[in-house]
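Written below as structure tokens is the structure these notes are about.
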Protein chains: 2
Amino acid sequence: MIPQFLKRLQEFSPLSEATQAELQQYLSVVEIPKGEFILKHHEVCRYIFYIEKGFARQYYFRDGKEITEWFAGTHEFCFSISSYFDATPSNLLIEAVEESTVIRLHRDGILQLSKTNPEIAQLALGMFARSLKFSQLRTESILFQSARDRYLHLLETKPYVIQKVSLAHIASFLGISQETLSRIRAKI
Amino acid sequence: MIPQFLKRLQEFSPLSEATQAELQQYLSVVEIPKGEFILKHHEVCRYIFYIEKGFARQYYFRDGKEITEWFAGTHEFCFSISSYFDATPSNLLIEAVEESTVIRLHRDGILQLSKTNPEIAQLALGMFARSLKFSQLRTESILFQSARDRYLHLLETKPYVIQKVSLAHIASFLGISQETLSRIRAKI
DNA sequence: GGAATCCTTTGACATTTGTCAAATAATCAA
DNA sequence: TTGATTATTTGACAAATGTCAAAGGATTCC
């Protein structure tokens, strides 16, 4: 379970055996029951989370409404990158949609080690780079794709997401009203 | 001119005197005439650019149309972060809207040094962090603000931008049609 | 099993924004 | 300056999406 986590982590940037061993001491595993929070509102995000088993939804509040930022399925990462790196209270909440087993990598493992270990610094850079790419893709999808195309794209690339969460959550992720999503679905 | 550049660079992350001296050898200054490109289409972005004097527009093509990503005024930075860090051909073009004096920091100065100098790695992280924040703010403005509010916000925060470039470019930055922008302006 | 609750769909209508076409205004170059 | 080019505005209409309200469905809990 831990070895696989370390392997996935290297999608961001490769790590030597020595660095992997160093990181081990910052790892822990927790069980989060359905409906509980992996990251609570206003809590500093002290860990990078890896969903070993389960499913999570990341969202924030805007004008009193829940806005879904993204989802994390089995063997995916989630964390509040800004809260994690700046140690500021997180606006992002991460909720376990179903009972989940989560591997956590403590921020000290990244922030302290990155000052001396360039591999870790590269890892952090890789994480930022991925988040940036993701954010830019999302901006472009909102700017250039219709609500219908965005839904079809989600359906194609992440069909399991639609099974796991309510349509209200999917609508808020797509940036449309629930009624519009319902009408899109009605016409295939 | 160079000292001020180094000072601005430290908005991303502080740099020791020694590191600043190391970076010096990677700096150069160029004059770009009006209408010429600071970064050409499909060129690898080999530098971080700093507009010592002048004004630049960053844009890309989508469905044959120019989409303005952002502007860089005097004493601001611009570069294609993805092309710079990955050495991939840039989709982003950077055009000098007026004659510009540009200080360039070569990517080797960041990429090579960051492997041994943690200050440089932190600098790179700071740049990613800023870009990510910018990207997320843009996503939110598109999701939650009307075209009118986005225009008013630009007018408030960056009034000089509206003086320098055509309304077509501003419209493409705001993600709206030129006609809609014209109508917004007609009603104050 | 049935009431209560939550989730989803549907209808009617308003609002925002886009598109196409044309008119007007501003700028540039000879 | 004048004609050509480019930039901006305006009009008419269409398309996409939001909002409010209500009706069905599904689920849960006792």
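This is a predicted model, so every value here is computed, not measured. Naming convention: chains lettered A, B, ... in sequence-line order (proteins, then strands); numbering from 1 in each chain.
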Atom-pair distance (CD on B/Glu179; P on C/dC20), nearest Å: 10 Å
Pick base, sugar-phosphate or nothing for A/Leu181, based on heavy-atom distances below 4.0 Å to the nucleic acid. nothing
In whole Å, what is the span from the CZ atom of A/Phe144 to the P atom of C/dT17? 16 Å
Can you confirm if the aromatic rings of A/Phe5 and A/His75 lie within a centre distance of less than 6.0 Å? no
Can you check the A/Leu174 CG to D/dA16 C1' distance for me, whole Å? 15 Å
A/Phe79 ring center near A/Phe49 ring center (under 6.0 Å): no
To the nearest angstrom, how far is A/Gln145 atom CD from D/dT17 atom P? 11 Å
Closest to the side chain of B/Ser166, out of D/dT19, D/dT8, C/dC20, is D/dT8
Side-chain donor/acceptor contact of B/Arg183 with base of D/dG11 under 3.5 Å: yes
In whole Å, I'd like the distance from the CZ atom of A/Arg185 to the P atom of C/dC7. 14 Å
Quick check: B/Phe77 with B/Phe12 (ring centres under 6.0 Å apart)? yes
Looking at D/dT9, D/dT17, D/dA21, which one has an atom nearest to any side-chain atom of B/Ser182? D/dT9
Ignoring hydrogens and angles, answer whether the base of C/dC7 and the side-chain atoms of A/Gln178 contain a donor-acceptor pair closer than 3.5 Å. no
Between C1' of C/dT27 and CG of B/Leu167, the distance in whole Å: 14 Å
Whole Å only: how far is the CG atom of B/Leu143 from the P atom of D/dA16? 19 Å
Would you call the rings of A/Tyr160 and A/Phe55 parallel, tilted or perpendicular, where under 30° means parallel and over 60° means perpendicular? perpendicular
Before we go on, tell me: are the rings of A/Trp70 and A/Phe134 under 6.0 Å apart, centre to centre? yes
Look at B/Ser177 and C/dG18 and indicate whether a side-chain polar atom (N or O) is within less than 4.0 Å of OP1 or OP2. yes
May I have the distance from B/Asp149 (atom CG) to C/dT16 (atom C1'), rounded to whole angstrom? 12 Å
